[in-house]
Amino acid sequence: MPPQASSWMSVFDEALIAAKSLAGFAASSFNPTVRLGVTGLSRAGKTVFITALVQALVEGGRLPVFRAQAEGRIAGSSLSPQPDDTVPRFDYEVHLADLAGPARRWPDSTRQISELRLVIDFQSNRRFAAGMSRLTLDIVDYPGEWLLDLPLLNMSYAEWSAQTIAASREGSRLAIAGPWHEMLARLDPAAPENEALAREAAALFTAYLKAGRDERFALSTLPPGRFLLPGDLEGSPALTFAPLDLSKAGDIRSGSLHAMMERRFEAYKHKIVRPFFTHHFARLDRQIVLVDALSALNAGPQAVHDLETALTSVLSAFRVGANSWWSAIFRPRIQKILFAATKADHLHHTSHDRLEAILRKMADGAIGRAAFSGASVDVVALASIRATREASVKQGRENLPCIIGTPMAGERSGDEVFDGEAEIAVFPGELPEDPNAVFSGSGFNGLENLREGGVDYRFIRFRPPRLEDGQIFPHIRLDRALEFLIGDKLA
């Protein structure tokens, strides 16, 4: 079981978090504020979710399950300058133009932390509330890969090396780790430190991590996360290290390759990972974790199990539970967590409940621990932007439940390759009624086993829908997500 957040916190970290929380609590006494964390592993749809959420609130989208809006109690929502001058602003306007413009393209993946402040003016339905109220919603967008780094704070370089090397020799990882393994076998931890060797080892190790993200494998547990999303740290010593086989190594000698790699691993932990936790992550009130379960189903049973491990690790990083007045001031907890299976529009609605059941099964153990601590946890299948519509297609005597949309250029179905312009009707298949079926591996083929037979699930990626001027993006259960995350604050 991954260590809980408190196990890697120092006294200094706790003091820093308490100071920031106290300042935030004082400010929110006059202006109630909710800090909503939005995360998920690569291609889960974080940018699309935030863009669709903001557009729906600011421009008045149809949100029937979001009670405050459905009851007409929201007077208006508007963007406001964000409070943190050192954090990049989430570029809502650019992302909206990408999605709704002539190109109709999905935005690039989240590569760094960003924030956006939304102010919601509403009428409370409480008996003694008079006049208009205001809720400030600070949306914090960050890569889920960074969460998977937090357990590193509780590991030594030797422990991390042993765990990472062992994992790379299992299942589909072995097939993509060959070049790195060849160099690993040549590296002598006791040899003198060597910058060229360190850079080559780091490059081959990073190539192995990136290969794991290919749709054939769709692996999720690939820390260190900054190796995949380096940003302005690319090429720095803190990102120029790799595991070493220390099974036969003796004591660490000053000036050795072992000492060099360990020093850089510790710098990564303390200069990169820890500041993210103390300055941003530890101050969240609500959290949504977006999960691309369909990509894991595409890839096969190993990817499904790997995603299950990643979700457990992600939730272990959260400090969850119901807040007392003391914890709200000095040691805030995440009170609500929503796990959302994205891209539900790639399935017919008859499989949406089954997709939710699969995600709930993946996160079952982690959800149980969070609920025990007093946090509210839920699971939903959603599409922040609905790229398809449903239809029934007659085939012989059968009526097949299909979805209709415009596949992205280069997508294929069998021998057909799509040009990105023509609409098609697709029978997406049905997910099993019993979620255990996708975990057992019995008779379940994914892209990783393509040579061994047919693929059970192959979900085509679609372009964003075409909008007329003034239209709001259609969605699936975005309103349910909003109601769970902030509905109580607008009561």
Side-chain angles (χ1 to χ4, degrees), residues 36 38-63 66 69 77-79 82 88-118 137 139-144 215 229 288 290-292 294-295 340-347 380-390 403-411 418-424 426 459-482 485:
L36 170 65
V38 179
T39 196
L41 301 178
S42 180
R43 297 188 293 273
K46 298 178 289 297
T47 302
V48 175
F49 173 80
I50 296 172
T51 304
L53 179 153
V54 173
Q55 187 205 34
L57 289 176
V58 171
E59 300 184 25
R62 184 173 178 274
L63 302 167
F66 185 43
Q69 182 140 323
S77 302
S78 60
L79 294 172
Q82 68 182 69
R89 179 183 182 272
F90 179 86
D91 210 341
Y92 164 72
E93 294 81 5
V94 169
H95 298 319
L96 184 61
D98 283 341
L99 289 159
R104 289 164 54 209
R105 58 181 295 271
W106 300 109
D108 293 334
S109 298
T110 299
R111 304 186 65 84
Q112 61 181 359
I113 193 166
S114 64
E115 291 186 8
L116 193 67
R117 170 164 281 190
L118 187 67
L137 180 64
I139 303 171
V140 183
D141 175 34
Y142 62 96
E215 66 169 2
L229 301 167
I288 181 168
L290 301 170
V291 182
D292 184 5
L294 297 187
S295 288
T342 57
K343 306 175 186 175
D345 57 329
H346 290 43
L347 295 167
V380 64
L382 63 75
S384 308
I385 292 178
R386 183 171 191 161
T388 67
R389 61 188 190 277
E390 295 187 352
I403 56 175
I404 297 175
T406 304
M408 294 174 63
E411 284 291 292
F418 302 107
D419 62 4
E421 298 297 330
E423 273 197 339
I424 65 165
V426 177
F459 302 103
I460 295 173
R461 293 175 295 177
F462 293 91
R463 294 181 66 188
R466 193 184 306 276
L467 293 186
E468 301 298 330
D469 288 345
Q471 282 188 312
I472 310 298
F473 278 113
H475 63 85
I476 298 174
R477 300 186 190 88
L478 180 63
D479 48 349
R480 179 176 150 189
L482 274 167
L485 291 167

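Along the sequence shown, residues carry numbers from 1.
- Residue L229 comes nearest to P143 through the heavy atom pair CD1-CB, 3.5 Å, listed as atom of the first residue, atom of the second, then distance.
- In this structure, CD in Q69 is found 4.5 Å from CG in L63, a value given to the nearest 0.5 Å.
- In this structure the side chain of D345 never reaches within 4.5 angstrom of the side chain of F462, judged on heavy atoms.
- Residues passing the side chain to side chain donor-acceptor pair (under 3.5 Å) test with D98, sequence neighbours excluded: R105.
- A distance of 8.5 Å separates CZ of R104 from CG of L467, quoted to the nearest 0.5 Å.
- Residues L99 and Q55 fail the side-chain proximity criterion, which asks for heavy atoms closer than 4.5 Å.
- The ring pair (Phe, Tyr, Trp, His ring centres under 6.0 Å) test applied to F90 returns H95, not counting sequence neighbours.
- Remark: T342 pairs with L290, D292, L382 by the side-chain contact (heavy atoms from CB on, under 4.5 Å) rule, at least two apart or across chains.
- In terms of the side chain to side chain donor-acceptor pair (under 3.5 Å) criterion, Q112 has no residue partners (sequence neighbours excluded).
- Contacts of T47 classified as side chain to side chain donor-acceptor pair (under 3.5 Å), with partners at least two apart in sequence or in another chain: T110.
- The salt bridge (charged side-chain N to carboxylate O under 4.0 Å, His left out) search around E59 returns none, not counting sequence neighbours.
- Taking the side-chain contact (heavy atoms from CB on, under 4.5 Å) definition, one finds that E421 meets it with D419, R463, sequence neighbours left out.
- Of all the heavy atoms in P465 and R386, the pair that sits closest is CG-O, 3.3 Å.
- Here L347 contributes atom CG and T388 contributes atom OG1; the two are 9.0 Å apart, rounded to the nearest 0.5 Å.
- Residues meeting the salt bridge (charged side-chain N to carboxylate O under 4.0 Å, His left out) test with R389, sequence neighbours left out: E423.
- Scored by the salt bridge (charged side-chain N to carboxylate O under 4.0 Å, His left out) test, R461 finds E411 as partners (sequence neighbours excluded).
- Between S109 and R43, some side-chain heavy-atom pair lies under the 4.5 Å cut-off.
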Do any side-chain atoms of residues 469-478 form donor-acceptor pairs under 3.5 angstrom with protein atoms, and if so which ones, sequence neighbours left out?
| residue | atom | partner | partner atom | Å |
| --- | --- | --- | --- | --- |
| Q471 | OE1 | E468 | N | 2.6 |
| H475 | ND1 | L478 | N | 3.2 |
| H475 | NE2 | R62 | O | 2.9 |
| R477 | NH1 | H352 | ND1 | 3.1 |
| R477 | NH1 | A381 | O | 2.9 |
| R477 | NH2 | H352 | ND1 | 3.3 |

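- Shortest non-hydrogen contact noted between L41 and G144 is CD2-C, 3.7 Å.
- Listed for the T39 side chain is a donor-acceptor partner under 3.5 Å among the backbone atoms of Y142.
- At least one side-chain heavy atom of E93 sits under 4.5 Å from a side-chain heavy atom of L79.
- Evaluation of the side chain to side chain donor-acceptor pair (under 3.5 Å) rule for Y92 yields no partner, not counting sequence neighbours.
- Judged as a side-chain contact (heavy atoms from CB on, under 4.5 Å), and not counting sequence neighbours, the contacts of S78 are V119.
- Looking at L53 and I139, their side chains come closer than 4.5 Å, going by heavy atoms from C-beta outward.
- Taking the side chain as every heavy atom from C-beta outward, L116 and R89 approach each other to under 4.5 Å.
- Annotation for H346 and I403: closest pair O-CD1, 3.3 Å, computed over non-hydrogen atoms.
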